[in-house]
Amino acid sequence: MTTTNAALRDWVADAAKLTRPDRIQWCDGSQSERDALIELMLARGELITLNQETHPHCYLHRSDPSDVARVEHLTYVCTRNREDAGPNNNWMDPAEAHRKVDALFDGCMHGRTMYVVPYCMGPIGSPYARCGVEITDSPYVVLNMRIMTRMGVPALQRIERDGTFVRGLHSIGDLDPERRLIMHFPEDLSIKSVGSGYGGNALLGKKCHALRIASWQARDEGWLAEHMLIVGVESPDGETHYLACAFPSACGKTNLAMLVPPATLPGWKVWTIGDDIAWLSIDGEGRLRAINPESGFFGVVPGTNPKTNRNAYEMIRRNTIYTNVAVTADGQPWWEGLADGKPARDWQGRPYDPANGPAAHPNSRFTVAASQNPSYSPLTEAPEGVPISAILFGGRRRKVAPLVYEARDWRHGVLVGAGMASETTAAAVGKVGVVRRDPMAMKPFCGYNFGDYWAHWLNLEGKMSKPPRVFHVNWFRQDNDGRFLWPGFGENLRVLRWIVDRCAGRSGARETPIGFVPEPRDLDVRGLALGEDTLGKLLEVDPAAWRAEMDDIAGYLDDFGNRVPDTLTGEQRKTRAALG
Ligand code: SAT
Ligand code: MN
């Protein structure tokens, strides 16, 4: 197999000249290709067969212990003008970046197979979908890309028809963290990633293409590429609202996307469209619509059990690639929070010893087809996507942020998104639990200057006939003893219900300086063992804490200098003044 597209043919030839693989394999996405890759990886010890009786067609991959998360400090956006990448990105001059990274690619595929992986982000027939090709020497990446994207022949055909594609060159290199770089060249729609075989560093369709490169493309073309799940909430009378929700990595996007309604809310249904990325476009009628560019889930495993996320728990019992979980004596996957069984070997394959830390790595992951999810929505395949009623922003905040509030309007909503902050998680290398500003949950993923990004968000308002309402949620508020005030998981539907009722003009709220907050009576908490006092704390807006928050946001916006739109600083001043 090769291609009629000359640009693709030439690029593959150039990549081969640089990396010098033993052979080149064009991936067609077939079952037999997948089976052969699994055989190869089993033979090389790169995959381990899990218990096929309890977990049919499930395998375990152990990544290098130094290669278990995204590496934000080694991730660069390389634009001709440094200001275009902005203070939110590491920057390198493109010529220098190519020189540096090409030195690491030089001869790196010697003795290896080079896989050419054509893929499509979004339903193949969707006008909103975009294609790419990843060149990689990792069979693990190929297997994952086959689940996470529409990979193979149909994607190649679309590339040959459209003539455009994002180029992603990837090699695991020698896995030396000192020789690891994730480079983006948005001006020529290309990516070069070397030295890591893990998740967002290596599956280039995901964060590198569908967020960093796509956010740049989206700005040029008038749409948005966002770090958002997409979920449909259907009321007992059959009305469905679709919500697009931005939360940082490992803050519960997958759980919210496949929420299981509690027995106390009969008749409500939840439909999953996506759990990580949304591409949002304005249709001919001025409505904001979303597609999920991915076709699978690369979700955090620890904590998954029938109580926290029954859908995910059931979904990952077959046809799943596990990365960095522990195993039981009879070969079943095991992780912290699983509720039963016990680990025999930890994520590094060592006999389990609690002195070595958790058995499963805190950022261990499952890769599984979206269609296996019990709450899968068939509209995931709809070329036109789904209409969005509301946008939700949120993060992990012990303090300050109430359970939920609604922005006054779109512009204020952009400030609410820009002012987001969250405690860091194990999804990226670095300290866990530190509050950092993470605008729109895009801090690690926006491929251009945040100032320009906020301006783009604000500009979209005039193009929409009815902009979605904007909300902020926080499931993670704690009392002074460090206990979570809100039960979370399925019970979050109570908050979603208030949100969809707001969209339909049915539920009340009180106006505060930070926006509309429900009164305790506006939230349906029947059947929850939640004191009046607890609900009060969850919905509290403390003016002193919020004055400090707004001042911190002002300081943060200042870092972006004159690229910050006046409308945004105006919204910040308005809120700050209202707080006294
Ligand atoms: O490793 S990934 O970037 O794919 C997961 C995440 O951080 O959201
Ligand atoms: Mn993510």
Side-chain angles (χ1 to χ4, degrees), residues 61 63-64 66-75 119 121 134 136 138 140-141 143-145 147-149 168 170 172 180 182 184 191 193 195-215 225-231 244-258 272-279 292-304 312 321-325 361-368 370 392-396 420 422-430 432 436 438-447:
H61 174 74
S63 67
D64 188 277
S66 73
D67 186 29
V68 293
R70 280 183 292 102
V71 281
E72 295 178 8
H73 59 296
L74 302 174
T75 301
Y119 63 87
M121 302 310 292
E134 175 164 357
T136 179
S138 161
Y140 169 80
V141 165
L143 281 182
N144 277 271
M145 287 291 284
I147 297 172
M148 297 304 296
T149 72
H170 170 253
I172 56 170
R180 184 175 293 162
I182 325 291
H184 302 75
I191 305 153
S193 164
S196 167
Y198 197 85
N201 301 329
L203 311 177
L204 301 187
K206 198 173 180 53
K207 309 296 186 179
C208 299
H209 176 167
L211 288 176
R212 298 194 191 95
I213 300 287
S215 60
E226 297 298 326
H227 193 205
M228 291 174 172
L229 68 94
I230 310 162
V231 67
C245 316
F247 307 111
S249 302
C251 287
K253 281 202 297 300
T254 306
N255 290 338
L256 188 64
M258 46 190 78
T272 313
I273 302 281
D275 83 326
D276 194 39
I277 301 179
W279 283 359
N292 172 11
E294 301 188 286
S295 59
F297 305 129
F298 183 69
V300 176
V301 180
T304 305
I321 301 174
Y322 287 87
T323 302
N324 294 343
V325 295
H361 189 278
N363 194 35
S364 52
R365 299 273 172 162
F366 55 74
T367 319
V368 66
L392 275 62
F393 295 117
R396 286 178 189 268
M420 260 173 72
S422 190
E423 289 146 26
T424 50
T425 69
V429 169
V432 168
R436 73 162 180 181
D438 191 351
M440 280 82 169
M442 286 287 277
K443 166 71 189 74
F445 307 121
C446 182

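When a ligand or atom number is given, it counts from 1 through the structure's own listing order. Any value given below was found using the heavy atoms of this structure, including those in side chains, with hydrogens, waters and symmetry copies removed.
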Would you say ligand 1 has an N or O under 3.5 Å from any N or O of [X]?
X: Lys206; answer: no
X: Tyr198; answer: no
X: Asp276; answer: no

Distance to 0.1 Å, residue and atom name: give those for the protein heavy atom nearest to [atom].
atom: atom 6 (C) of ligand 1; answer: Ser249 OG, 3.3 Å
atom: atom 1 (O) of ligand 1; answer: Gly200 N, 3.0 Å
atom: atom 7 (O) of ligand 1; answer: Arg70 NE, 2.7 Å

Are [X] and [Y] close enough that some pair of their side-chain heavy atoms sits under 4.5 Å apart?
X: Arg212; Y: Thr75; answer: yes
X: Leu211; Y: Ile277; answer: yes
X: Arg180; Y: Ser66; answer: yes
X: Thr254; Y: Phe366; answer: yes

request  = Measure from the Mn ion (ligand 2) to every N/O/S atom of Asp276 and report the name of the nearest one.
outcome  =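 This residue's closest N, O or S atom turns out to be OD1.
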request  = Would you name the N/O/S atom of His227 that lies closest to the Mn ion (ligand 2)?
outcome  =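 So the atom name we want here is NE2.
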task = Spell out, as yes or no, whether a donor-acceptor pair under 3.5 Å connects the side chain of Asn201 to the backbone of Ala69.
result =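 It does hold such a pair.
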query = Would one find an N, O or S atom of Lys207, in either backbone or side chain, under 2.8 Å from the Mn ion (ligand 2)?
reply =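 Yes, Lys207 qualifies, because one of its backbone or side-chain N, O or S atoms lies under 2.8 Å.
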Could you list the atoms of ligand 1 found under 4.0 angstrom from a heavy atom of [X]?
X: Lys207; result: 2 (S), 3 (O), 4 (O), 5 (C), 6 (C), 8 (O)
X: Ala427; result: 7 (O)
X: Phe298; result: 1 (O), 4 (O)

request  = Would you please classify the geometry between the Phe298 ring and the Tyr198 ring as parallel, tilted or perpendicular, with 30° and 60° separating the classes?
outcome  =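 Geometry flag for Phe298 against Tyr198: perpendicular rings.
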Of Lys207, Lys443, Arg436, the residue whose pairing with Glu72 passes salt bridge (Lys or Arg N to Asp or Glu O under 4.0 Å) =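 The passing option is Arg436.
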message = Side chains of Ser249 and Arg70: any donor to acceptor distance under 3.5 Å?
response =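 Distance-only check passes for Arg70 and Ser249.
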